[in-house]
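One structure is given here, and the rest of the page talks about it.
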Amino acid sequence: EAVKKQSSGDLQGAIDLYRQAIQVDANNALLHTGLGSALNAAEDFQGARDEFQKALNLDRKGQIDNLYFMGILDENFSKGSQALQEYKQY
């Protein structure tokens with residue numbers, strides 16, 4: 001349902017649903033990645049990065065692409081050395 005809301009442009013609705021789902025299943029890495037994606041689309045870049053990191057911490061192998069997303073965010077906010085380290089790990 002959150003994915004449908006995000007796809008239709010209802011970013012706040014998607015964010016709310018992801019947060020509700022995370023309250024039920026806080027260790028679900030896919031939910032954190034989904035929330036990160038919705039927050040990124042809503043231009044909450046720090047919140048997005050935090051959620052990508054949480055997902056990566058929960059399931060590094062399954063959410064390895066989050067390193068790339070985090071690198072892009074860090075690069076755009078003049079954190080080049082941090083972005084480079086993330087790209088290298090990716």
Side-chain angles (χ1 to χ4, degrees):
E1 191 65 32
V3 174
K4 288 180 187 177
K5 286 193 178 286
Q6 185 173 350
S7 295
S8 71
D10 181 4
L11 297 176
Q12 191 56 54
I15 290 166
D16 292 343
L17 287 175
Y18 279 122
R19 287 186 171 146
Q20 288 173 18
I22 287 170
Q23 287 179 349
V24 174
D25 188 4
N27 292 322
N28 186 318
L30 289 173
L31 291 175
H32 288 283
T33 294
L35 177 56
S37 175
L39 290 169
N40 187 57
E43 299 185 359
D44 177 356
F45 302 117
Q46 185 60 54
R49 192 192 184 292
D50 292 345
E51 292 301 321
F52 290 142
Q53 182 67 61
K54 287 177 189 175
L56 191 63
N57 291 345
L58 289 168
D59 180 12
R60 185 168 185 84
K61 185 176 179 182
Q63 302 303 308
I64 197 71
D65 289 343
N66 287 357
L67 283 170
Y68 177 75
F69 303 137
M70 292 162 53
I72 291 171
L73 289 168
D74 288 337
E75 190 173 0
N76 286 327
F77 288 96
S78 301
K79 297 179 181 176
S81 61
Q82 187 171 348
L84 181 60
Q85 291 303 313
E86 289 153 354
Y87 290 141
K88 285 181 179 180
Q89 291 178 57
Y90 180 66

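Not measured: the values here are computed from a predicted model.
Counting only N and O atoms by type, the side chains of D16 and Q20 include no donor and acceptor under 3.5 Å apart.
No side-chain heavy atom of K4 sits less than 4.5 Å from a side-chain heavy atom of D10. The shortest side-chain heavy-atom distance between L39 and F52 does not fall under the 4.5 Å cut-off. Annotation: side chain of I15 is not in contact with side chain of Q6 (no heavy-atom distance under 4.5 Å).
Between H32 and A26, the shortest heavy-atom contact is NE2-O, 2.8 Å. A pairwise comparison of heavy atoms in N40 and A48 identifies N-CB, 3.5 Å as the closest pair. The minimum heavy-atom distance between A2 and A14, with the atom names listed, is O-CB, 3.4 Å.
With a 6.0 Å radius and a threshold of 12 heavy atoms from other residues, nucleotides or ligands, F45 has its CZ atom above the threshold.
Taking CG from L17 and CG from L31, the interatomic distance works out to 10.5 Å, rounded to the nearest 0.5 Å. The line from CD of Q63 to CZ of F69 is 9.0 Å long, rounded to the nearest 0.5 Å. Annotation: the span from L35 atom CG to N28 atom CG amounts to 11.5 Å, rounded to 0.5 Å. Atom NZ of residue K5 and atom CD of residue Q12 lie 11.0 Å apart, to the nearest 0.5 angstrom.
In summary, of the residues considered (L84, I64, L67), a side-chain contact (heavy atoms from CB on, under 4.5 Å) with Q89 occurs for L67 alone.
Hydrophobic clustering, with ILVMFWY side chains joined whenever heavy atoms are under 4.5 angstrom apart, groups Y68 together with F77. Note on L56: it does not cluster hydrophobically with L58, by side-chain heavy-atom contacts below 4.5 Å among ILVMFWY residues.
With S37 contributing its side chain and T33 its backbone, the two residues share no donor-acceptor pair below 3.5 Å. A donor-acceptor contact shorter than 3.5 Å links the side chain of N76 to the backbone of I72.
For residues 37-53, the set of pairs meeting the salt bridge (Lys or Arg N to Asp or Glu O under 4.0 Å) definition, not counting sequence neighbours, comprises R49-D74, R49-E86, E51-K54.
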Inset, instruction - Evaluate side-chain contact (heavy atoms from CB on, under 4.5 Å) for Y90 paired with D65, printing each intermediate quantity in order. - result: CA-CA 7 Å; Y90 180 66; D65 289 343; 3.0 Å; yes

Inset, instruction - List the steps and the verdict of side-chain contact (heavy atoms from CB on, under 4.5 Å) for I22 and R19. - result: CA-CA 5 Å; I22 287 170; R19 287 186 171 146; 5.6 Å; no

